Structures are given as structure tokens and as C-alpha cells.
**Q** 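Okay, handing you the structure first.
Numbers here are sequence positions counted from 1. As the structure is a prediction and not an experimental result, all values here were calculated from the model.
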Amino acid sequence: LAKQFSSFRHKVEASFSVDVDGKVANSENLYATLRQVYIERGEEGLDAQLKYAFYGHVAGSRFTKSDIQNQKEMADLRYPAEWFPATRRMHRTIHLHVGPTNSGKTYHALKRLEEADSGVYAGPLRLLAHEVYTRMNAKGKRCTLVTGEERRIPDEKADFTTGLSSCTVEMVPLSRIVDVAVIDEIQMINNPERGWAWTQALLGVRATELHLCGEDRTVPLIRELAAAVGDKLEIHRYERLSPLEMMRESLDGDLKKLRKGDCVVSFSVMGIHALRKEIERTTGRKVAIVYGSLPPETRAQQARLFNDPDNEYDYLVASDAIGMGLNLSIKRIIFETSQRFNGYERQTLKVADIKQIAGRAGRYRTAAQATQDTASEAAQDLSAAKGESAEDVAAAPNASATEDLGTVRLPRPPRSQNVGYVTTLEKFDFPIVDTAMKSEPEPIMTAGLFPPAAIIERFASYFPPETPFGYILLRLHEISLVHPRFYLCGLKDQLSIADVIQPVKNLTTNDRIIFCAAPAAIRDENGKTLLKALAHCVAEQKGGGLLDIPEFKLDVLDREPSRSREYLGALESLHKGLVLYLWLSYRFAGVFNTRPLAFHVKGLVEDAIENALSKFSYNETTRQRLRVAREKNVLKNLKTEIPLGEAAQERRLETNTPLAQLGLDSEPKQEESAPSSGDHFSGEADTEILEPMEDEGLGGESVNMARNALRTSMESDPSAESADESVSE
């Protein structure tokens with residue numbers, strides 16, 4: 001084993017191939033992979049990646065040619081359509097509704113769902129699934145709700161096997177035959193971590209009519225997928241129902257420049273509450289707040305307060321979840337920042353994300369307009385679930401395609417008075433948002449995949465029983481054969497979860513697969529300890545009552561409310577643990593059998609969080625410190641992502657000059673990203689309550705720092721016993 005480690009060390013050091021500019025010479029080598037993991041996940045992620053690389057080095061030397069051939073055959077993922085044979089026997093018609101925000105595309109899809117006897121809506125957020133569930137039932141259409149952590153039925157006559165269902169996209173029922181299915185935000189099929197769920201729903205849902213709603217750049221990919229499976233495709237194109245304009249300048253940090261109908265977008269729950277208090281103190285007017293983890297009833301109440309044009313709630317502070325929908329009468333979108341924290345580092349918002357959030361502007365109505373509006377029934381229409389104006393949509397002519405691959409373009413309605421505006425709170429963020437608004441994201445040409453549980457289970461059978469499950473997942477990803485039309489979604493949290501529960505005995509492979517898909521918070525020791533305790537409950541098939549698990553720190557609810565980060569962090573950790581418990585209770589119902597109590601405690605925690613955050617605010621010193629830190633981070637990212645000289649950078653930050661006017665040769669890198677309040681691998685993960693302090697986070701480390709960390713991680717040999725056990729004969 002010592003010889004094997006020595007050869008592995010030489011292999012890693014030999015991959016340290018860096019050119020004179022500090023760039024990795026070969027992006028495919030081991031060092032490039034390890035460096036990227038270090039940048040994204042820090043030393044902990046680097047340690048895990050080195051461990052898996054060593055497992056692979058040792059195990060690879062022991063695999064016979066026959067073993068390798070069998071593994072490769074099992075890892076052949078080129079034809080995912082064949083994973084759903086029952087669906088392939090159906091003759092489906094796919095209706096692809098494409099257009100910008102507030103164009104009516106979701107309105108038409110949901111109207112068709114409303115007319116159906118059986119159907120399913122699949123959205124990217126619990127927030128949207130709940131909106132559709134509520135509005136369908138309000139219209140007398142019995143509809144159930146299915147998300148990772150919650151199941152609801154409108155009355156005792158309803159069930160989950162008939163009628164209509166509203167769910168998050170990961171929970172789409174693939175065994176039911178329905179008349180109509182609506183898959184929302186289809187462009188997320190290209191999401192690096194969650195894209196597999198949209199692919200699975202698209203290829204697997206058993207619907208006579210399948211309606212896909214999303215951006216126009218998905219058309220080439222959907223054409224190919226429809227042709228590959230033999231489905232009829234009809235394309236419906238829409239144009240925006242109201243104009244959207246970028247303002248000429250930012251607010252320059254002055255909250256007194258806010259106007260009635262403004263929405264300030266923030267990317268942390270603490271930031272949302274702090275901004276609310278500061279705006280109310282500065283303007284003397286009330287502020288409504290909306291973000292994904294608010295209880296549905298509270299969220300609806302806040303939306304109603306903001307939408308009422310004749311009260312004192314003039315402003316809204318919200319998370320980027322508004323980009324995915326909600327019926328909010330917003331006149332102007334104001335970005336508090338052009339960056340968000342992804343759990344490891346702050347990243348500049350992607351072009352597609354900026355445009356989707358910005359597109360929610362333009363729904364504002366004055367008190368006079370609201371009084372004159374007699375379309376009360378239309379105002380309650382299902383289109384409101386996506387923030388689309390039912391009255392505007394109804395005014396646009398309707399049409400339908402009648403031939404294969406037909407395309408229908410709905411003409412632009414007359415220019416509305418509801419012009420939407422977009423700007424930023426700070427001057428240094430303005431050029432980034434301005435450039436994004438003038439840019440077009442690249443066409444989406446690939447769809448995400450993740451191996452089904454049956455394939456993972458069979459693949460795992462080729463390895464010795466003590467082989468770490470994380471390595472099995474990584475090995476499957478490494479050798480998988482994928483069609484150029486697809487890509488494998490990344491293994492981020494799954495590997496970490498697999499490592500945490502690896503020491504737990506008596507878990508079946510299927511148990512480990514389920515846990516790796518769970519919304520587990522494993523970035524702190526409390527989360528890891530709780531996850532391991534829950535895994536022990538499953539392994540032992542007992543002890544799953546909420547009060548029987550001491551790792552749930554319920555005593556925090558007895559503490560005096562505080563605005564400290566420690567108190568809020570404890571509440572957030574408990575909340576995430578309860579979400580995990582509820583999620584697992586639907587997969588291991590016989591073990592985790594106190595679901596009603598968990599829902600009750602979850603409500604208490606949410607109330608405690610709201611109470612603590614409602615008292616939180618930024619003083620001017622704190623706000624100035626955050627502004628300076630964000631400006632530095634924006635500048636750092638510009639140097640990393642854009643070939644921009646120092647003089648141009650200074651000029652860009654001092655003025656509101658767009659990138660194109662600074663003589664740049666290229667645009668910022670355009671990639672897909674999930675919203676910060678978007679879903680976890682298994683379902684939506686809420687916007688973070690606490691962002692790290694400004695000196696926390698990892699982004700922007702130099703090549704030398706990464707190399708030093710690599711060498712530090714390898715100073716001591718791994719445990720010979722554990723390594724030998726993992727690849728035992």
C-alpha cells in the first residue's frame with residue numbers, strides 16, 4: 001500500500017502543469033480537477049477528492065479487464081429515453097411555449113391544465129407548486145400538492161392517484177397516465193445540478209399532452225429530443241406583453257430615491273429583513289417581504305399588501321424567487337447586488353438569471369387603475385401563479401398549431417402603459433446588470449442526466465461490500481458513456497452525504513441512494529451529526545421519533561430571542577434538520593413516524609426566525625462595510641472573468657458605462673445557474689438565512705495557494721487499514 005500511495009503522490013505532483021501566467025496547462029489533468037474542487041469547496045472538498053482519487057488509483061490496479069468491461073456496460077447512459085418503456089408506447093403531443101417573462105406562455109399552458117380531468121403541474125420551486133395548488137382548488141378543481149417534504153389534499157375525497165396534482169419537478173409521478181402535464185421553466189433542463197429532473201420529467205411523464213414553458217433558447221434541444229422519441233412537437237412563441245427598459249443610472253445607494261411599486265432584490269433572508277427595516281426608517285413607508293421559505297399564508301398576505309395600490313405598503317424586498325413567478329404588481333426591479341453566495345463563494349449573477357428576475361417589472365397598477373379594473377375573475381386566474389397579467393394575456397389573440405413541428409407566433413399586443421424598469425442599488429453593480437439586459441444567453445443544446453437508482457444499485461454490486469459509496473458514485477460518473485445531447489449532473493452534496501453516512505452499518509445500497517438525494521445540510525458539524533443519527537435510525541429500523549433523537553437541538557426554542565448570528569444560525573440549523581426529517585418521513589414512514597409533530601415544531605422555528613429577523617437591521621457603518629466589500633468582490637470577479645484593464649475598471653466603477661462602451665473584447669461567461677432560492681438535488685433549498693462574513697468564503701484563490709493546499713493535504717499517508725478494507729478482495 002505504501003508503494004501505491006507513493007506512486008499516487010507522484011501522479012498528483014506530475015499533474016502540476018502550470019504555464020507562466022498561472023493557468024493550468026491541461027484542463028483535463030488531475031491537478032485541474034483538484035484545484036477546481038478546492039476553489040468551490042475548500043480544503044474539506046479537496047481532502048474528499050484526494051481520497052476518492054486514491055481509492056480509484058488503488059482499486060483501478062485490482063480491476064480485471066472483465067470487471068472494467070462490465071462496469072462500462074452498466075455505465076452506458078447514451079439512451080435515457082429507453083429508461084421509460086411505458087412512456088415510449090404512448091403517442092404524445094408536446095406543446096412548447098416559449099417567450100420572455102410576462103408574455104402569457106404559462107397562462108395558456110395552465111388554462112389547458114385547468115380544462116383537463118387529470119393532469120400534473122411541475123415547477124422548480126415549492127412556492128410555485130403551492131401557488132398552483134391553491135389557485136386550482138380556489139377554482140373548484142380538486143388538486144393535490146406533492147413536494148419533497150409535504151403532501152396535501154384539499155379534502156378527504158381527493159387522493160394522489162387521480163385528478164390534478166401540483167408538484168416540484170423532482171416529484172413528477174411517472175407511473176400515472178394523465179391527460180395534460182405542464183413542466184415549467186424548461187430551460188432548467190440545462191442546470192448543472194438539477195437538470196436531470198427536467199430531463200426525467202420530459203422523457204418519462206405519461207401525458208397525452210405535454211406542455212413545456214420556458215425560454216426561446218430551448219427550442220433546438222426540445223426539437224431534437226422530441227424527434228428522438230417520436231413525439232409530435234408544436235411550438236408556440238410569445239412576445240412580452242409590456243415594455244421593459246433599463247434605467248440610465250443606479251440609485252447610487254440612496255434609498256430615498258425609491259418609488260412606489262419598487263422591488264429590491266436581495267439574496268439572503270437576513271439581508272431582506274435588514275433592508276426592510278432600513279427602508280422603513282429612511283422613507284417612513286411600509287415594506288412587504290417575500291421569499292421562498294416564508295409560510296404560504298404569510299407569503300400570500302405580504303403579496304396582497306404590496307399589490308394593494310392604495311395603502312402604505314409602497315415597497316417590496318424579495319429574494320430572487322420572484323424571478324420564477326408570483327403575482328406581484330412591480331413597477332421597477334432594483335438589484336441590491338449583482339452577486340450571490342452559492343454556499344462556497346460569491347458569484348456574479350448569470351445573464352439568464354438577471355433577465356428572468358428583471359422581467360418581473362412592469363405589472364404595477366395605480367389606485368385609479370385598480371379601481372377601474374372590473375376583471376376581478378381574471379385577476380384570480382391561474383396565470384397569476386407565474387406573475388402574468390391575466391387581463392393582458394386575455395387581450396392577446398390566441399392560436400394553435402395544427403401540424404408537426406408547427407410554430408405559432410402570437411403578435412405583440414399594443415404597447416402597455418405598464419412599462420417595467422430595471423436598475424441597481426449601487427453604482428458599481430449597474431454595468432453588470434446593464435450588460436446582461438442587452439445580452440442574449442447561449443442556446444441550450446444539452447440536457448442533464450443522473451443515473452436512475454436501478455443502474456446505481458446494479459453498478460454497486462460490482463464492488464466489494466466495504467467500498468465507500470461515494471467512490472462508487474464517482475466511479476460511475478467517471479466512466480459513464482453519454483450521448484453528446486446530454487451531460488451528467490454534478491456530484492456535489494451527494495459525495496459529502498455519502499461520506500458522512502459511510503460508517504453506518506446495515507444500510508442497503510438503496511438506503512444510501514435515498515440519503516444521497518436528501519436535502520441535508522452538511523456544511524457544519526451539527527448537520528453532519530444529525531444526518532448520521534438519522535441514518536442510524538434507518539439502519540436499526542427504530543428510534544425515529546422526533547423527541548427520541550437528541551441531535552435535534554430543540555432547546556433553542558426556549559432561549560431568549562436574539563439578533564446574534566449564533567442564535568439565528570442555531571434556528572436555521574434546526575429548521576433544515578426538520579425539513580430533512582419530513583423529507584425522510586415520506587421515504588421511511590415506518591421509522592420516522594412523528595411527522596405531525598415535526599410540522600408543528602417546524603412552524604414554531606419559522607415563527608422564531610421571523611421574530612428574530614424582524615428586529616434585525618443594518619446600521620450605516622455595517623451597510624458601508626458591506627458596500628465596500630461587495631465593490632471589491634465585483635472588481636475581483638471582473639479581473640477573473642473579463643479581460644478588462646485597470647484603467648477601464650476604474651472608469652467602469654466611477655461611471656455607469658456599459659461594458660460594450662469600454663472596448664471589451666468579450667462578454668462575461670454565460671452559464672446556467674439555479675436561483676439562490678432554487679431547489680436542492682432533491683427539492684428546493686431555501687434562500688440562506690445567514691451569509692458568511694466578508695472574510696469567509698473561498699472564491700478567487702491563486703494557483704499557488706491551491707498547490708500548497710494540495711501538498712499539505714498529502715503530508716501524511718491515509719490510514720492503511722481503512723484504505724485496504726475499501727478495496728479488499
Side-chain angles (χ1 to χ4, degrees), residues 99-107 123-125 127-128 131-132 184-185 187-188 213-215 238-247 258-267 272 275 287-292 294 299-300 302-307 309 313-338 340 349-365 379 381-393 416-425 433-434 436-437 441 674-678 687:
T101 53
N102 195 25
S103 62
K105 56 186 183 293
T106 310
Y107 168 85
L125 305 175
L127 175 152
L128 289 181
E131 285 287 319
V132 173
D184 212 352
E185 305 296 347
Q187 71 275 2
M188 290 189 71
C213 305
E215 299 175 14
Y238 305 80
E239 295 190 31
R240 187 175 167 85
L241 296 167
S242 60
L244 183 65
E245 298 178 5
M246 186 74 190
M247 300 193 72
L258 289 173
R259 303 196 297 243
K260 188 177 179 67
D262 281 349
C263 172
V264 183
V265 179
S266 183
F267 298 97
I272 289 171
L275 268 173
V287 179
I289 58 172
V290 169
Y291 52 90
L294 274 177
R299 191 169 57 233
Q302 291 289 305
R304 283 194 299 269
L305 289 171
F306 175 71
N307 285 343
Y313 281 83
D314 288 356
Y315 314 118
L316 174 71
V317 179
S319 74
D320 54 339
I322 63 166
M324 295 290 182
L326 287 184
N327 182 26
L328 296 166
S329 299
I330 298 169
K331 178 67 174 178
R332 179 171 63 170
I333 289 287
I334 300 166
F335 287 85
E336 182 203 17
T337 175
S338 61
R340 67 179 180 86
L349 294 172
K350 310 305 178 188
V351 170
D353 296 338
I354 289 174
K355 298 191 76 169
Q356 186 159 28
I357 296 169
R360 290 300 158 189
R363 290 289 322 284
Y364 180 73
R365 295 184 301 162
D381 207 285
L382 293 173
S383 61
K386 287 288 291 177
E388 292 167 349
S389 171
E391 51 268 39
D392 286 346
V393 174
S416 168
Q417 294 182 353
N418 290 335
V419 180
Y421 295 99
V422 183
T423 189
T424 62
L425 182 60
V433 175
D434 182 67
M437 294 298 294
S676 68
S677 51
T687 306

**Q** Would you say L328 and C263 make side-chain contact, with heavy atoms under 4.5 Å?
**A** no

**Q** Does M247 reach the side chain of E245, with side-chain heavy atoms less than 4.5 Å apart?
**A** no

**Q** Checking side chain to side chain contact (heavy atoms under 4.5 Å, CB included) between L244 and each of K355, R360, M437, which is the one that passes?
**A** M437

**Q** Nearest heavy-atom pair of R240 and T101: which atoms, and what distance?
**A** NH1-O, 3.1 Å

**Q** Measuring from R340:CZ to K350:NZ, what's the distance to the nearest 0.5 Å?
**A** 8.0 Å

**Q** On a heavy-atom basis, which atom in N102 and which in S242 lie closest, and how many Å separate them?
**A** ND2-OG, 3.1 Å

**Q** Out of curiosity, D262 CG to I330 CD1, how far, rounded to the nearest 0.5 Å?
**A** 9.5 Å

**Q** For a 4.5 angstrom cut-off between non-hydrogen side-chain atoms, does L349 reach F335?
**A** yes

**Q** Taking side chain as C-beta onward, heavy atoms only, is T424 less than 4.5 Å from I334?
**A** no

**Q** Find the distance between OG (S319) and CG (L127) and round it off to the nearest 0.5 Å.
**A** 8.0 Å

**Q** Side chain to side chain contact (heavy atoms under 4.5 Å, CB included) for I333 and I322? Distances and angles first, verdict last.
**A** CA-CA 10 Å; I333 289 287; I322 63 166; 3.7 Å; yes

**Q** Does any non-hydrogen side-chain atom of V433 lie less than 4.5 Å from one of M246?
**A** yes

**Q** Atom CG of D314 and atom CZ of R259: how far apart are they, to the nearest 0.5 Å?
**A** 12.5 Å

**Q** Does P100 offer a backbone N or O that forms a donor-acceptor pair with the side chain of K105 under 3.5 Å?
**A** yes

**Q** Show the nearest heavy-atom pair for residues L275 and S266, with the distance to one decimal.
**A** CD1-CB, 4.1 Å

**Q** Given side chains that start at C-beta, do those of D353 and D320 come closer than 4.5 Å, heavy atoms only?
**A** no

**Q** Output all residues satisfying side-chain contact (heavy atoms from CB on, under 4.5 Å) with A436, sequence neighbours left out; order by chain, then residue number.
**A** V351, I354

**Q** Looking only at non-hydrogen atoms, find the nearest pair between E215 and Q187 and report the distance.
**A** N-OE1, 3.3 Å

**Q** Decide yes or no for L258 and V264: does some side-chain heavy atom of the first lie under 4.5 Å from some side-chain heavy atom of the second?
**A** yes

**Q** Once rounded to the nearest 0.5 Å, what's the spacing between atom NZ of K260 and atom CZ of R332?
**A** 14.0 Å

**Q** What distance separates F267 CZ from I357 CD1, expressed to the nearest 0.5 Å?
**A** 4.5 Å

**Q** Which atom pair, heavy atoms only, marks the closest approach of A361 to Y421?
**A** CB-O, 3.5 Å

**Q** If every non-hydrogen atom of A358 is compared with every non-hydrogen atom of V422, which pair is closest and at what distance?
**A** CB-CG2, 3.6 Å

